[in-house]
Every structure is written in structure tokens, then in C-alpha cells.
S.K.: 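Below you will find the structure I want to go over with you.
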Amino acid sequence: MSTHETFMRRAIEISRDKMRADGSAPFGCVIVKDGVIVGEGVNNVVNNHDATSHGEVEAIRDAGRNLKSWDLSGCDLYTTCEPCEMCVASMFWAKISRLYYANTLKDCADIGFKLEPLTNMVRSDLHERTLTAERLLPTEAREVLDEWAASPGFSSFQ
């Protein structure tokens, strides 16, 4: 059995355990750096009353706390399901190096979990989305952005 399979089995195990224990959705995730699990998470959207509490996001938060860094470069992410757009964005910002997944989004759609509206919204132009958007106070907000960019501790996150 490969190490990759061991890490994926751990993600599956925590998803199953939390689903059975407290009704969490069956999406689990582990983050690995240098062969060691540094973060774990399960989908706790309902239990935490938090729409962002997806397994991948929770694992990224856990790994960040454990490594004391937002930059998870060199980390691999193992998740029980192909990530949604929010989770992919989180992986981008955390600089996750590699993704391993088990189920696909089509597998979720097959059991009635529809993500097509999210995909369509994210891929459409800002002002063509179903979520209405209006720009307010751009000059004032830009002043803060420019001040941050000029500060000694500025990091471009790139």
C-alpha cells in the first residue's frame, strides 16, 4: 500500500467517523508535509453554522495553525471529494502543492448534491451573476490598499 493511499484512507476515516458521530457531511481532508499529517478537517457546515466550514478549508486552517504559517507550500492535500470552487480558491491562497481526491463532483451530483449553480456563478462575469453586486467607495478603499502595499511588512502573497 502506498503512502498516498494511507493518507487518503485517513481522510475517508475521519469523514466517516464524524458523519456517524455528529451528522457532519461526509467530506474529510488531510494535509501532509514531508510525509507527516499537519492538518485535518471535515465538513462541519451544519454543525458550525458556517457555510465555509468545508473539509478542505478546515484542514487548511488546522495546518496553518499547526505550522504557524498561512503559506502551505510543499504541502499535499488529500480530500474525499473533488473540491468545490471555494475550496480550490482556498488551496490557491494557501499555496497547496498537490491535490489528491477520491469522489468526483459528478459522484455528488449523482446522489442529488448539485453544484452547477455555484460553478456557473463563479465562471460568469461579476455583473452577470445571480448574486447582485454594486461597487461602493472605491477611492477610500484604494487608499487603504495603497497604504498596505507601501508598508514595510507588505507581502504580495505570490
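For this chain, numbers begin at 1 and follow the sequence in order.
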S.K.: If you count heavy atoms of other groups shown closer than 6.0 angstrom to OH of Tyr100, is the number above 12?
M.R.: yes

S.K.: Please answer: with hydrophobic residues joined when any side-chain heavy atoms are less than 4.5 Å apart, are Val122 and Leu115 in the same cluster?
M.R.: yes

S.K.: Of all residues at least two apart in sequence or in a different chain, which pass the salt bridge (Lys or Arg N to Asp or Glu O under 4.0 Å) check with Asp76?
M.R.: none

S.K.: Indicate if Leu99 and Val38 have the same hydrophobic cluster label, given that clusters are the connected sets of ILVMFWY residues with side-chain heavy-atom separations under 4.5 angstrom.
M.R.: yes

S.K.: If you measure only the distance, is there a donor-acceptor pair under 3.5 Å linking the side chains of Ser73 and Asp71?
M.R.: yes

S.K.: Listed by chain and number, what are the salt bridge (Lys or Arg N to Asp or Glu O under 4.0 Å) partners of Asp110, not counting sequence neighbours?
M.R.: Lys106

S.K.: Against Ser24, only a single residue in Asn43, Asp17, Asn44 fulfils side-chain hydrogen bond (donor to acceptor under 3.5 Å, both in side chains); can you say which?
M.R.: Asn44

S.K.: Which pair of non-hydrogen atoms, one from Ile12 and one from Ser15, has the smallest distance, and what is that distance?
M.R.: O-OG, 2.7 Å

S.K.: Among all residues two or more places apart in sequence or in another chain, which pass the salt bridge (Lys or Arg N to Asp or Glu O under 4.0 Å) test with Asp22?
M.R.: Lys18

S.K.: Between Thr80 and Ala102, is there a donor-acceptor pair closer than 3.5 Å when you use the side chain of the first and the backbone of the second?
M.R.: no

S.K.: Taking CZ in Arg98 as the centre, count heavy atoms belonging to other residues, nucleotides or ligands within less than 6.0 Å. Is the count above 12?
M.R.: no

S.K.: Between Asn66 and Ala63 (side chain of the first, backbone of the second, donor and acceptor by atom type, cut-off under 3.5 Å), is there such a pair?
M.R.: no

S.K.: Between Glu13 and Arg10, does any NZ, NE, NH1 or NH2 come within less than 4.0 Å of an OD or OE carboxylate oxygen?
M.R.: yes

